[in-house]
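Notes to accompany the following structure.
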2 protein chains.
Amino acid sequence: MASARQISGPCQAWPEDGAFIREVLDRIGDKWTVLVVSTLSAGVLRYSDLQASIPGISQRMLTQTLKHLERDGLISRTAYAEVPPRVEYELTDLGRSLLEAVSAMADWAATHHREIAGNRAVSERTGVGRGRASAGAARE
Amino acid sequence: MASARQISGPCQAWPEDGAFIREVLDRIGDKWTVLVVSTLSAGVLRYSDLQASIPGISQRMLTQTLKHLERDGLISRTAYAEVPPRVEYELTDLGRSLLEAVSAMADWAATHHREIAGNRAVSERTGVGRGRASAGAARE
DNA sequence: CTGAATCCCGACGGATACTG
DNA sequence: CAGTATCCGTCGGGATTCAG
């Protein structure tokens, strides 16, 4: 999910259920949310702790992700007005419940990733999913 | 997940588990996969059926999503060499298992979306998650 | 009818510099 | 230490057009 979030009008399908699925998927679908949440499962952590625990993340993305998570009530932020500023982040109960749900997904992934990888490899050889993955030189 | 895929080196965190979580999240995280899969839960459908059943989708995205799903073995594609071309798509067992997992997520979403929406509304008023969502006119 | 190819804008997100 | 602001490249994905 990259662009198109509020631009195109009527996108919410799923006849009866709702659009909150997309709301949630937009959250856990981005590169860092799951990493941050799973890292916070360890307990209370400071900004720099998170940055250190999550190798590839930039300040920009860490801050943004934390804000989104805080806004949705998945984590709590506690700032101490000290001379060396200290801010602690912690999962809320809601955040922990999300972690459980995500873990279920991870469980599924762990169970089937081999099968998926296998199918992908076969498709590679038979030239099925030649859409844009690998294939190397489509036109460039 | 826009840029940074193979450029910055060590991005896969999650100490022990693995990176297939991201593999899966990259798949269900995009805007259309879940919609297509859930639509296909109805049974065998043709290309045009899918396009008609999923309001906002473009041919490009439908084709691309279908290819990815086929490549991963989540759906099967059957083309009939007839004069009016006919192609039918159907969920595989693997695809159905994904649907179950996604339904679990949807379940969680349905259970907590009110709470999340509430938190978000409060943060809106107290000006917490002023990162980039809503806020309307931050500077533009 | 089922795609494939192309154009193009805007969002995602990394790097860097600056502030309290 | 904990962010904020800005620049800018990359990529997602909608619209359109062409082909089998």
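Reckoned from all heavy atoms, side chains included, excluding hydrogens, waters and symmetry mates. Letters A, B, ... mirror the listed sequences (proteins, then strands); counts begin at 1. The shown structure was predicted, so the numbers you read here are calculated from the model rather than taken from an experiment.
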What's the [atom1]-[atom2] distance between [X] and [N], to the nearest Å?
| X | N | atom1 | atom2 | value |
| --- | --- | --- | --- | --- |
| B:Gln59 | C:dT6 | CD | P | 16 Å |
| B:Arg86 | C:dC1 | CZ | P | 13 Å |
| B:Leu35 | D:dG14 | CG | P | 11 Å |
| A:Ile54 | C:dG13 | CD1 | C1' | 15 Å |
| B:Gln64 | C:dG3 | CD | P | 14 Å |
| B:Glu82 | C:dT2 | CD | C1' | 13 Å |
| A:Leu62 | D:dT4 | CG | P | 11 Å |
| B:Leu69 | C:dG3 | CG | C1' | 16 Å |

Which nucleotide, D:dG3, C:dG3, C:dG14, lies nearest any side-chain atom of A:Tyr47?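 Of D:dG3, C:dG3, C:dG14, D:dG3 is nearest to the side chain of A:Tyr47.
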
The side chain of A:Arg77 is closest to which nucleotide in this list: C:dA15, D:dG14, D:dG3?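 When the side chain of A:Arg77 is considered, D:dG3 is the closest of C:dA15, D:dG14, D:dG3.
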
Could you check A:Leu50, A:Leu91, A:Val34 and say which one makes a side chain to side chain contact (heavy atoms under 4.5 Å, CB included) with A:Thr39?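 That would be A:Leu50; it is the only one of A:Leu50, A:Leu91, A:Val34 passing the side chain to side chain contact (heavy atoms under 4.5 Å, CB included) with A:Thr39.
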
Using a heavy-atom cut-off of under 4.0 Å over every strand shown, decide if A:Tyr80 touches base, sugar-phosphate, or nothing.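 If one applies the 4.0 Å heavy-atom cut-off, A:Tyr80 turns out to touch nothing in the nucleic acid.
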
Residue pairs passing the side chain to side chain donor-acceptor pair (under 3.5 Å) test where at least one lies in residues 41-50 of chain A, sequence neighbours excluded: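 Matches after skipping sequence neighbours: A:Tyr47-A:Thr63.
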
Extract from the structure each pairing of a protein N or O with an N or O of nucleotides 18-20 of chain C at less than 3.5 Å, listing the distance.
none

Check salt bridge (Lys or Arg N to Asp or Glu O under 4.0 Å) between B:Glu100 and all other residues, then give those that pass, not counting sequence neighbours.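 B:Glu100 satisfies salt bridge (Lys or Arg N to Asp or Glu O under 4.0 Å) with no other residue.
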
With sequence neighbours excluded, residues passing salt bridge (Lys or Arg N to Asp or Glu O under 4.0 Å) with A:Glu23: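 In terms of salt bridge (Lys or Arg N to Asp or Glu O under 4.0 Å), with neighbours along the sequence ignored, A:Glu23 is linked to B:Arg120.
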
Residue whose closest nucleotide on DNA chain C lies nearer the 5' end, A:Met61 versus B:Pro84: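 Checking each residue's closest nucleotide, the 5'-ward one belongs to B:Pro84.
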
So for the helix from C:dC1-D:dG20 to C:dG20-D:dC1, with five pairs setting each end axis, what is the inter-axis angle to 10°?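 Between the axes fitted at each end of the helix from C:dC1-D:dG20 to C:dG20-D:dC1 lies an angle of 30°.
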
If you assign each of B:Ser58 and A:Arg46 to its closest nucleotide in DNA chain D, which residue comes earlier from the 5' end?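 Final value for this comparison: A:Arg46.
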
For the student: nearest non-hydrogen atoms of A:Asp72 and A:Arg27, plus distance: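 Reported closest heavy-atom pair: OD2-CD, 3.1 Å.
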
Applying side chain to side chain contact (heavy atoms under 4.5 Å, CB included), name anything that partners A:Ala79, two or more places apart in sequence or on another chain.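 Expected list: A:Arg77, A:Val87.
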
Residue list, side chain to side chain contact (heavy atoms under 4.5 Å, CB included) with A:Ser58, at least two apart or on another chain: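 Residues passing side chain to side chain contact (heavy atoms under 4.5 Å, CB included) with A:Ser58: A:Arg60, A:Met61.
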
Has [X] got a side-chain N or O lying under 4.0 Å from the OP1 or OP2 atom of [N]?
| X | N | result |
| --- | --- | --- |
| A:Thr63 | D:dA2 | no |
| A:Lys67 | D:dT4 | yes |
| A:Tyr89 | D:dG3 | yes |

Non-neighbouring partners of B:Thr65 that pass side-chain hydrogen bond (donor to acceptor under 3.5 Å, both in side chains), sequence neighbours left out: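 B:Thr65: no side-chain hydrogen bond (donor to acceptor under 3.5 Å, both in side chains) contacts found.
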
Less than 4.5 Å apart, side chain to side chain, heavy atoms only: is that true for A:Leu25 and A:Arg22?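 When only atoms from C-beta onward are counted, A:Arg22 and A:Leu25 do touch, with a gap below 4.5 Å.
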
Please collect all ring-ring contact (aromatic ring centres under 6.0 Å, His included) contacts where either partner lies in residues 74-120 of chain B, sequence neighbours excluded, each pair once.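 The answer is A:Phe20-B:His113, B:Trp108-B:His112.
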
